[in-house]
Amino acid sequence: MNKKTHKNLIIQVIVLIVIGIIFVSSVFGWFATGHKSHVVIFTTGNLEVEATLYQANDPDFDGNFLDSDYEVKTSDILIENAVSNQIHSFKLVVKNKGTLPGKLTINLKDILFLNASNNPDATFNQAFELKYTNLNGTTYTHHELSFPTSNYEIALQNPLNPNEEVVLLFQIIVGKKLTNAHYGFKFSISTIEVKLEQNP
Amino acid sequence: MKKQATILIVSLITLLITIIFVYALYVDTKTTPKITLKSGKVVYNLEGSTVEGEIVPGQNLISTPYTLTNNSTVDSQLRIKLIITLNEVELSYTDDRIDTDILLEPTFTLVGGYYYYGGVDGILSSSNTTPITIISSLILDGNFVKNNYGNNNPENINYSNKTVNIKFIFQAKQADRVTWQTLGEENIDFTIGT
């Protein structure tokens with residue numbers, strides 16, 4: 001290889017390197033520009049449900065009272081000395097406080113009927129009735145003549161949109177089948193579960 | 001091998017935590033306070049006794065006054081009916097043949113054969129457990145109920161070996177929205193001696 005050829009080879013390598021640098025810079029610039037001009041931000045949504053239970057202050061338990069008679073309940077509710085034909089009225093207000101719509105289910109959980117010895121009684125549920133409305137309804141269109149046992153889905157709505165609020169009214173009616181023989185028996189709903197799930 | 005097993009376990013735990021975390025992100029659950037109902041009762045206890053054996057006019061047939069005690073856990077209503085029969089004929093409380101001190105009035109009001117506590121709509125509070133004396137004296141009047149054996153007057157009745165019967169009917173109910181139910185009956189038979 002003569003001196004001239006060697007010189008040309010060096011020039012060609014330098015040019016190649018410069019072209020490479022220019023190319024890499026332009027591609028990086030494109031990415032950098034693209035990043036700046038096409039900001040893609042993923043903000044995670046959230047599901048948050050708020051549930052508030054009210055009990056009607058209805059001293060004669062006849063089911064007649066004003067909406068203003070509902071009182072918020074934050075601790076356990078114990079109704080003693082229940083007798084036939086009493087109507088105990090409740091209101092459950094549920095609100096989607098999250099940013100996503102969700103599937104709402106409301107369940108009465110762990111419904112127990114116990115005798116005076118705290119053992120389950122298979123027929124005591126027949127002494128109680130359950131009435132409830134559709135969500136946001138004002139009339140008790142659903143009526144279970146024997147109170148459900150175990151768990152019971154009382155309401156479902158899909159979707160419940162962000163900031164949407166729904167109201168469920170329900171009544172526990174003490175039936176005529178409650179007698180002196182049931183003294184010391186008790187009936188409890190361990191909790192009302194309000195669940196909001198993301199739609200698939 | 002041991003190293004692979006450790007990696008597998010750690011991976012599974014990580015996966016589980018991830019699933020729980022993701023699930024928590026997409027489900028929110030709230031619960032309300034517990035609701036409990038306990039049943040009440042309407043109960044009255046009757047105490048009292050009568051004399052035993054054959055009886056004679058002028059004798060008080062009530063040895064221990066009959067009293068009724070409210071042991072209910074709820075407010076209730078109470079009504080009582082007394083049926084006194086002599087020789088199978090029902091007597092009014094004012095019949096000349098008996099001398100009684102039915103102590104129900106004025107606390108009770110007589111309507112349609114029943115004595116109502118506090119009137120037809122009267123309510124007996126569950127906290128009122130003072131015994132209510134119903135009757136402490138029932139005496140057959142010897143001027144009318146007599147052993148007239150040998151007396152040929154057909155208007156007189158020979159009461160020897162006849163039966164005097166007192167029947168108490170107690171009915172009570174919770175204060176509202178139910179009908180009367182008989183709590184119990186007390187049936188006492190006496191036989192008049194000669």
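A, B, ... follow the sequence lines: proteins, then strands. Residue 1 opens every chain.
- When side chains are defined from C-beta on, A:Glu193 counts as touching B:Thr29, because their heavy atoms get closer than 4.5 Å.
- Contact between A:Val83 and B:Gln174 at its shortest, heavy atoms only, is CB-OE1, 3.2 Å.
- Minimum heavy-atom separation, A:Gly184 to B:Ser39: N-OG, 3.5 Å.
- The two residues A:Ser188 and B:Thr36 make their nearest non-hydrogen contact at CB-OG1, 3.5 Å.
- Using a 4.5 Å cut-off between side-chain heavy atoms of Ile, Leu, Val, Met, Phe, Trp and Tyr, with links allowed through other members, B:Tyr66 and B:Ile139 fall into different hydrophobic clusters.
- Using a 4.5 Å cut-off between heavy atoms, A:Leu112 makes no contact with chain B at all.
- With a 6.0 Å radius and a threshold of 12 heavy atoms from other residues, nucleotides or ligands, A:Lys186 has its NZ atom at or below the threshold.
- For A:Ile192, the parts sitting under 4.5 Å from any heavy atom of chain B are the backbone and the side chain alike.
- Distance check: A:Phe90 CZ to B:Ile35 CD1 gives 4.0 Å after rounding to the nearest 0.5 Å.
- Here the side chains of A:Leu78 and B:Lys38 are in contact, with some heavy-atom distance below 4.5 Å.
- Note: the hydrophobic cluster containing A:Leu169 also contains A:Phe65 (ILVMFWY, side chain heavy atoms under 4.5 Å, direct or indirect links).
- Neither the backbone nor the side chain of A:Thr105 comes within less than 4.5 Å of any heavy atom of chain B.
- Residue contact with chain B, scored on non-hydrogen atoms closer than 4.5 Å, involves the side chain of A:Leu92 exclusively.
- The backbone N or O of A:Ala51 sits nowhere less than 3.5 Å from a side-chain atom of B:Lys30 that would complete a donor-acceptor pair.
- Expressed to the nearest 0.5 Å, how far OG1 of B:Thr31 lies from CG of A:Asn107 amounts to 12.0 Å.
- The nearest pair of heavy atoms linking B:Asp28 to A:Val49 is OD2-N, 2.6 Å.
- Contacts of A:Val94 with chain B are absent, with no heavy-atom separation under 4.5 Å from either backbone or side chain.
- Contact of the B:Val27 side chain with the A:Leu47 side chain is not registered, since no non-hydrogen atoms from C-beta on lie closer than 4.5 Å.
- Atom OG in B:Ser72 sits 10.0 Å away from atom CG in A:Asn81 (nearest 0.5 Å).
- Contact of the B:Leu37 side chain with the A:Ile77 side chain is not registered, since no non-hydrogen atoms from C-beta on lie closer than 4.5 Å.
- Between A:Ser75 and B:Pro33, the shortest heavy-atom contact is O-CB, 3.2 Å.
- Under a hydrophobic clustering in which Ile, Leu, Val, Met, Phe, Trp and Tyr are joined whenever their side-chain heavy atoms come within less than 4.5 Å, directly or via other members, A:Phe187 and A:Leu114 fall into different clusters.
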